[in-house]
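Here is how names work: the chains are called A, B, and so on, in the same order as the sequence lines, proteins then strands, and each is numbered from 1. What you are looking at is a predicted structure, and each value in this text was computed from that prediction instead of being measured.
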2 protein chains.
Amino acid sequence: MYQQLHQSIAQFLQPSQKEKALLEEAFVFRQVPKKFKLVEEGQVATEIYFINQGLIRLYYTKDVEEITGYIFRENLFSSSYDSFLTGTPSQQTLECLEDCELLVISNNDLDELYKKMPSMHIFTRKMAEQRFINAQRILSSFILDSPEERYQKFERHNRDLLQRVPQHYIASFLGITPVSLSRIRKRLMEKK
Amino acid sequence: MYQQLHQSIAQFLQPSQKEKALLEEAFVFRQVPKKFKLVEEGQVATEIYFINQGLIRLYYTKDVEEITGYIFRENLFSSSYDSFLTGTPSQQTLECLEDCELLVISNNDLDELYKKMPSMHIFTRKMAEQRFINAQRILSSFILDSPEERYQKFERHNRDLLQRVPQHYIASFLGITPVSLSRIRKRLMEKK
DNA sequence: AGGGTTCATTAACAAAAGATAATAAGTGCT
DNA sequence: AGCACTTATTATCTTTTGTTAATGAACCCT
């Protein structure tokens with residue numbers, strides 16, 4: 001159950017047996033069904049979710065429209081990280097796109113863990129750095145690439161998600177309407 | 001000379017006198033002229049720059065075009081952070097928009113500092129978190145807002161930069177052409 | 001002071017995306 | 001199985017932005 005988590009942590013730390021036990025104590029297993037909302041807009045996020053199995057969609061709500069900000073997959077830490085870090089109400093909703101198997105750590109348990117296991121500071125630093133790098137990559141794609149190029153990159157790096165996720169979620173993640181994505185796909189089909 | 005740096009650090013840590021001395025040892029004062037390039041595209045970034053005075057522009061190069069990714073101001077840590085963290089060549093250039101007074105820390109000196117002052121892990125974690133939150137804000141503005149709204153938000157939060165920075169740098173930061181920004185400004189003028 | 005560069009605005013046209021609506025296929029639920 | 005809902009595509013029209021070019025103002029440099 002904790003194998004994937006330990007593997008993820010091993011990228012940055014070599015925890016002792018005792019520390020591994022502390023980690024397993026802090027991260028609690030939780031199963032949630034498709035469409036379950038882990039964080040709702042307006043709430044303060046108090047948990048971080050490591051995904052053993054499933055997909056989680058982060059989205060913003062603008063008027064009545066849902067706009068996908070990210071799709072988290074297996075072996076990633078998912079959260080409304082902004083809200084979690086600042087303790088302010090989340091502008092984002094976190095919703096399961098599939099039945100999910102998660103390992104959950106709360107705010108409080110993470111603070112406990114910092115005390116018992118100081119190297120956790122290093123891990124969460126690495127985690128923050130990774131999330132920065134990721135956000136930066138997506139941002140630079142918005143700055144540098146056309147919607148068509150963004151779709152092609154997405155296709156290259158996340159081919160499986162095209163099968164697992166409704167297309168209009170991907171459209172809004174790419175910053176365009178479903179109609180526009182459909183046109184882009186048609187254009188690309190005709191080129192080949 | 002180190003007052004602003006200490007103030008920035010004091011947001012997250014309460015370093016001892018000895019630790020303050022270590023910090024002053026690690027951060028080296030450097031003056032550089034307007035247009036000086038601190039990091040060039042293709043190089044690996046090995047330094048982080050705390051800005052005592054001046055402005056630094058981060059930009060991408062697409063074909064022959066320079067596209068501004070961010071403008072760093074006084075009391076911020078500026079870097080090609082992605083490259084600094086991963087040790088891979090930077091896709092970004094860091095250029096001074098004004099004569100700058102900087103406090104510079106190198107990769108190696110930061111590693112030294114981690115050893116001598118473990119709480120530095122906490123500080124850099126906070127720094128990474130801040131940069132994530134910042135990237136996230138900008139990204140969500142690209143996702144949620146029209147160019148017109150982005151400009152209005154920029155105007156609200158960075159009025160002074162409109163005076164200090166050529167408008168076409170701001171245009172590319174907002175993801176539009178200078179021509180389009182000029183049109184938007186005209187539209188907004190007429191509304192009021 | 002003068003000459004070259006950079007910069008912001010404006011105009012005209014082209015290209016792309018948004019909005020709306022209709023259709024058809026697919027999915028889920030009881 | 002059947003009905004409602006979701007989803008993807010396509011068409012039409014509108015709006016916005018990009019592209020290119022021209023103009024005049026501001027700035028820099030020696």
Side-chain angles (χ1 to χ4, degrees), chain A residues 33-36 55 57 59-60 62-68 71 95-99 141-155 159 161-192, chain B residues 33-37 55 57 59-68 71 95-99 141-152 154-155 158-159 161-192:
Chain A
K34 184 171 175 172
K35 296 201 176 172
F36 186 85
L55 290 178
R57 179 170 75 108
Y59 66 86
Y60 299 84
K62 175 153 197 174
D63 302 324
V64 291
E65 209 184 351
E66 295 177 359
I67 302 175
T68 300
I71 294 166
E95 184 188 72
C96 298
L97 290 181
E98 302 175 348
D99 295 341
S141 184
F142 267 90
I143 293 172
L144 295 171
D145 303 333
S146 67
E148 188 166 319
E149 289 170 311
R150 281 206 295 287
Y151 173 71
Q152 287 178 297
K153 283 189 182 175
F154 185 89
E155 198 182 22
R159 188 169 297 277
L161 289 190
L162 291 178
Q163 311 305 323
R164 290 170 77 181
V165 175
Q167 193 168 296
H168 64 283
Y169 291 165
I170 292 166
S172 70
F173 174 65
L174 297 173
I176 53 179
T177 59
V179 177
S180 189
L181 177 55
S182 186
R183 279 192 293 233
I184 286 171
R185 281 163 56 88
K186 191 180 178 187
R187 276 209 299 273
L188 293 175
M189 289 288 281
E190 283 166 0
K191 279 186 188 168
K192 287 172 195 170
Chain B
K34 184 171 174 171
K35 296 200 176 174
F36 186 85
K37 289 190 173 67
L55 289 178
R57 178 170 75 107
Y59 66 86
Y60 299 84
T61 309
K62 175 152 194 174
D63 305 323
V64 292
E65 209 183 350
E66 295 176 0
I67 301 175
T68 301
I71 294 166
E95 185 188 72
C96 299
L97 289 181
E98 303 174 348
D99 296 342
S141 184
F142 267 90
I143 295 173
L144 295 171
D145 303 333
S146 68
E148 189 167 319
E149 289 169 312
R150 281 206 294 286
Y151 174 71
Q152 287 178 295
F154 185 89
E155 199 182 21
N158 303 86
R159 187 171 299 278
L161 289 189
L162 290 178
Q163 311 306 324
R164 289 170 78 181
V165 175
Q167 192 168 298
H168 65 283
Y169 290 166
I170 291 166
S172 70
F173 174 65
L174 297 174
I176 54 178
T177 59
V179 177
S180 189
L181 177 54
S182 187
R183 280 191 292 231
I184 286 171
R185 282 164 56 88
K186 192 182 179 187
R187 275 209 302 270
L188 292 176
M189 289 289 281
E190 283 165 2
K191 278 185 191 170
K192 287 172 196 171

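Between D:dT9, C:dA11, C:dA17, one nucleotide has an atom nearer to the side chain of B:Lys186 than all others, and that is C:dA11. Listed candidates were C:dA17, D:dT9, D:dT19. Nearest to the side chain of A:Arg183 is C:dA17. When the nucleotides D:dA21, D:dA11, C:dG28 are ranked by their closest atom to the side chain of A:Lys34, C:dG28 comes out on top. The A:Pro166 side chain lies nearest to D:dT7 when the options are D:dT10, D:dT7, C:dA8.
When rounded to the nearest whole Å, the span between CG of B:Leu181 and P of D:dT16 equals 16 Å. Straight-line distance from the CD atom of A:Glu66 to the C1' atom of D:dT7: 14 Å, rounded to whole Å. Regarding B:Asp145, its CG atom lies at a distance of 13 Å from the P atom of D:dT17, rounded to whole Å. For the pair A:Gln163 CD and D:dT7 P, the computed distance is 16 Å after rounding to whole Å. To the nearest angstrom, P of D:dT17 lies 17 Å from CD1 of A:Ile176. The interatomic distance linking A:Lys35 (NZ) with C:dG28 (C1') rounds to 9 Å, in whole Å. Between the CG atom of A:Leu174 and the C1' atom of C:dA16 there is a distance of 16 Å, rounded to whole Å. In this structure, CZ of B:Arg164 is placed 20 Å from C1' of D:dA26, rounded to the nearest angstrom.
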Start with the C-alpha gap between A:Arg164 and A:Glu98, add the side-chain angles, then the distance that decides, and say whether salt bridge (Lys or Arg N to Asp or Glu O under 4.0 Å) holds. CA-CA 9 Å; A:Arg164 290 170 77 181; A:Glu98 302 175 348; 2.8 Å; yes
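Comparing A:Tyr169 and A:Val179 by the nucleotide of DNA chain D that holds the closest heavy atom to each, the one mapping nearer the 5' end is A:Tyr169.
A sub-4.0 Å separation between OP1 or OP2 of D:dA8 and a side-chain N or O of A:His168 is present. Taking side-chain N and O atoms only, A:Gln167 has a distance below 4.0 Å to OP1 or OP2 of D:dT9. In this structure, B:Arg187 reaches the D:dT17 phosphate: one of its side-chain N or O atoms is under 4.0 Å from OP1 or OP2. Distances shorter than 4.0 Å separate none of the side-chain N or O atoms of B:Thr177 from OP1 or OP2 on D:dT17.
The 12-atom threshold is not exceeded at NZ of B:Lys34, counting heavy atoms of other residues, nucleotides or ligands nearer than 6.0 Å. B:Lys62 NZ: more than 12 foreign heavy atoms inside a 6.0 Å radius.
Residue contacts for B:Ser180: at a heavy-atom cut-off of 4.0 Å it reaches the sugar-phosphate backbone alone, with no base atom in range.
Using a distance-only test at 3.5 Å, with no hydrogens or angles considered, no donor-acceptor pair links the side chain of A:Arg57 to the main chain of A:Leu97.
Cation-pi geometry between A:Arg185 and A:Tyr151 is not satisfied (NZ or CZ under 6.0 Å from the ring centre, within 45° of the ring normal).
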